[in-house]
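Beneath this line is the structure, given in structure tokens, with notes to follow.
All values reported here derive from a predicted model rather than from experimental measurement. Chain identifiers are assigned alphabetically (A, B, ...) following the order of the sequence lines, protein sequences preceding nucleic acid strands; residue numbering begins at 1 within each chain.
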Amino acid sequence: MIVQLDDERERDWLAACRHGDSAACARVVHAYQDLALRTAFLLTNDRQAAEDVAQNAFLNAFRHLDRFDLDRPFRPWFLAILANEARMFLRSQRGRRQVPLDEASVDIRVEQADALLSRVIRDDERARVRAALGTLDEPFRTTIVLYYFNDLSIDEVAAATDTSPGTVKSRLYRGRQELRQALGGAEEPPPAPARQLSWRTSR
Amino acid sequence: MTIADDRDIRIALTNASLDAPRVDLWERLEAPVAALTRRRRPPFRVLRALAAALALMLASGALLAVFSLAGDAPEQRGQQLNAVPDLVLTQSWDERSQANVLQGFLPRSRQLVTVLDGVNVSAEPVVSRDGRQLVYTGWEDIGDTRTVIVWALDSETLGVEWRVDIAAESIASLQNGPAMSTSVAVTGERVIVAHHRWETAEPVVIDQFARANGRKLGSTPVDFGGLLAGNVKLFAAPDDSEAVLLTDVWDVLHPSAEQVRTASVTFSLPDMREVTRILPEHPTPSDERFYTWDGRMTPDGRALYQLAGYGQGDTMAVVFFDLATGNVERVDLGFDSYTSFIYQHGVSHDGRQLYVLDPSSGELAIVDLQRRALQQSLLIDMSRVQASGGSWLGRVWGAVRGLVVQEASAKVYISGTLQLAPDGSRMYAVGVRGGAIEGEPRGVLVINTRTWQVDAHWLPDANPTQVLLGGDGRYLYVPTVDWGGSGDSALRVLDTASGAEVFATEGTGYGVSYSPAELYRATYGVSPAIRGVDVADLRRGSLAGDEPFATLSVSVSAAALVSGDPVTIEARYLDPADGNLVVEGEEGVRFDEPDHIRAVLSTGGSAEEDVTVVLGRAGYGTYRGATVLPRAGAWTVKVIAEREDEPSRYALVEDAVTIQPAIFGDDGRRYILSVSIDPAAPAPNQEVTARVAVVDAETGAPLPDGVFFQGGMPEHIDASFFLQEAGVTSRDLFPVRHGVYEGKVSFFSSGTWSVSANFPQDGRRSGSIPAGTVVVE
């Protein structure tokens, strides 16, 4: 279950945690660990990596808590840290393959797609979705997960991924296309003129 | 499945996330987070003080300032005709007045006196060649007017002899406009002041004042033909025959670094006739720049030099500006300039050699200032400092705490310099714990210049901002700031014979300290006489009939214990000459029995969690006490000895004893966990087998068959692996035989990983139990 905290209680916990109250830090972990593990799992498609990514995200969040504005929501800030941890993990995995950087994404995607294709046949639907997600390049995967799974706004995803709202929109578009393709669906029609788009720009 | 719309994607991702692991992350995070929150950053006021001090240092150009070291070389004695008082001056930020305050510490009277208050002293003073006068520049804000001022102080009394206002401007006009740059040089009879409104095409003005009374003797405009000028720096030649003005000029407003030219103009003195002008036709490449906010003159008066970093943080160099040609020469030191803030430097007693030390690695470069060449690079043996980490168990806890130390200390700067003993036998420097930019100042390194070894590490728990040696070499002045705790600042005075603290004055504010003697050597390249002290005849221990203080040392009965074991703390007073315990009636060492002596044991948490043990007299000069420590962890022991008529003394051993949680077997014995990996020294990302074995706490023997934990053997062990800077990874380890648990793990970075374990026992979690360290190459 993903807990939704009321803002005031969350702020109290974070303030206490910042001042060294270990019990308050524990409350924050317990409130957010499910969200963290599930997000990390979607981003890495690796259970062990998901645990590492999630716990390192908490550590980094607590380490930098004194830089966090308590009047702002914790969730997007924490998810940004988590997404960054996942990105670092994925990069380290990419480095291990020793594939030239230019070819890396293509090579990995083909390799993963082949392997994943066979899994898709026998695995359940959930694994199939994760496998499809895993075929996306990291920026697209992160954008899709933060937007659709974590329900962040375009602006929040942009802040979390250190890019512009326009880039987030284009990544969502292409990410969706690739996700459909990987799942065997039809391609998304090209985007309508900007005026007619139904993107949410804020919540 | 197919995805028709956004809703489908959301549902698909939500379902796909349901297979995520379900674990209680807090069980793994508890130990590192507890360590993290225990050592939160210092209070805000410290950061403000730091920011203010940094601004002060930037304003004064002190970041790369090169000071000189004490010396009494025989060949210099004939030159030491001029004397300066033995005092320490501190410029710091006063929260109350929101301005800098200049204070003087008078060692003999042990008094801290305010010299200038409520004004902003913009730079360290220039000391006159006869040592009698200290000349400051700065500014004072009254109403809407900022007045730029020159003060001349009597170096003996610290009284203001005269003050002149050299410029005034509206503060409102300064908000986004140019500020004033000033620089002072002092000759035998005159105080010469260059001043200029930053980034304007107005001429640089050089005013001359009579040293005796501040009467204005003349004013010389220096025009650069419409070019905009920036910072100004003024030097007087060693023989007072010439003055040199150095400034940056450029063509356009707000230039980039690539558009700056460095100009120098030489004038004859006292008529201020322009002798030479060097103005490059083209902008000076950044790796050939001589930065005008800093610099010292070489002893031969032919060049200026400074310490600077070049490139993208990869090269530290001593840079020379040849006054005859304007050419810049770089002598690369081979140091990484990312860490330049922790470097310390100083000049040999004859002014010919510049020493640059990286206190984190022990690298020392010696540069010949006359030949402008690297003379020697050597590595100081730091083993005495580095080996003080205690047992592996201590390092496990230390590694966990290191996560925090790095963060808390990320922006600490050392503004001080190396200090050389008058007899040249020792060098004093601020120690640094941790490497590179995250290094934290820790204690004072006492470096033997014959063996190039660190002989001692004084004030090991203090955060010095610099060290300053008194004029006679007998006392070392150490300004400190308690970064990790209260944020309080203090000036602590150590007896250099024993390292004992003989005096401390608190609330000095964090700032920059210097001594007139040091400034004198920096400016003129020779050591001055010290008033009231005959440096040439100095012999250690003969001063004022003082005997050196006995050294307070502390030891514990065992470095590693299991919960429930008593620990004994012993404090002993030692003769600093031979390291032996003082004996009753002994001469040549000063020892007075303390009124009270106690040991405070701490794991780094709040003061309420500390354990205090009163030590009883166990013989002459020996005090002892014992306790059972209530919690697992690495405990630091600090012994404090008090006498009514003396400042408190203390001795400290970090991570002196480590208490490991006891796991009781049903045979009544205590067991601990021991980690190993196969292969033993893996590469990063290499999968290895991690093995945690239960072993007897006393003998190290494996858990015998038929013996079980009192709460039952765990079905698995949740092992967490920490590496400071890198992070944490966790794995479940499963039993492969009785009392031995294994699992596969890979480490994503090289280094020494500390390992702790957690497992269910009696329906609860065991808590984090250290199991040792593993090394990834």
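Ranked by non-hydrogen atom pairs under 4.5 Å with chain A, the options B:A20, B:S720, B:P684 are led by B:A20.
For B:P21, the side-chain contact (heavy atoms from CB on, under 4.5 Å) partners two or more places apart in sequence, or in a different chain, are A:L37, A:F41, A:R47, A:A50, A:E51.
Shown here for B:A16 and A:R130, the closest heavy-atom pair between the two residues is O-NH1, 2.7 Å. The two residues B:L18 and A:R126 make their nearest non-hydrogen contact at CD1-NH1, 4.1 Å. Closest of all the heavy-atom pairs between A:V129 and B:A12 is CG1-O, 3.8 Å. Scanning both residues, A:Q48 and B:S730, for their nearest heavy atoms gives NE2-O, 2.5 Å. Closest non-hydrogen pair, A:Q55 versus B:L29, comes out as O-CD2, 3.4 Å. Among all heavy-atom pairs drawn from B:L25 and A:Q33, the shortest one is N-OE1, 2.8 Å.
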Stepwise, does the side chain to side chain contact (heavy atoms under 4.5 Å, CB included) test hold for B:R10 with A:Y147?
CA-CA 9 Å; B:R10 287 203 171 85; A:Y147 184 79; 4.0 Å; yes
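Counting heavy atoms of neighbouring residues, nucleotides and ligands inside a 6.0 Å radius, atom CG of A:D69 exceeds 12 of them. When the shell of 6.0 Å around CZ of A:R72 is examined, it contains 12 or fewer heavy atoms from other residues, nucleotides or ligands.
Of the inter-residue distances, the one linking A:R180 atom CZ with B:D8 atom CG reads 8.5 Å to the nearest 0.5 angstrom. Atom CG of residue A:L35 and atom OG of residue B:S17 lie 9.0 Å apart, to the nearest 0.5 angstrom.
Heavy atoms of A:L133 lying under 4.5 Å from chain B belong exclusively to its side chain. Neither the backbone nor the side chain of B:D732 has a heavy atom closer than 4.5 Å to any heavy atom of chain A.
Tested against A:Y148, the residues B:L13, B:I11, B:T14 include a single side-chain contact (heavy atoms from CB on, under 4.5 Å) partner, B:L13.
Sorted by first and then second residue, the salt bridge (charged side-chain N to carboxylate O under 4.0 Å, His left out) pairs with a member in residues 742-756 of chain B read B:R691-B:E742; sequence neighbours excluded.
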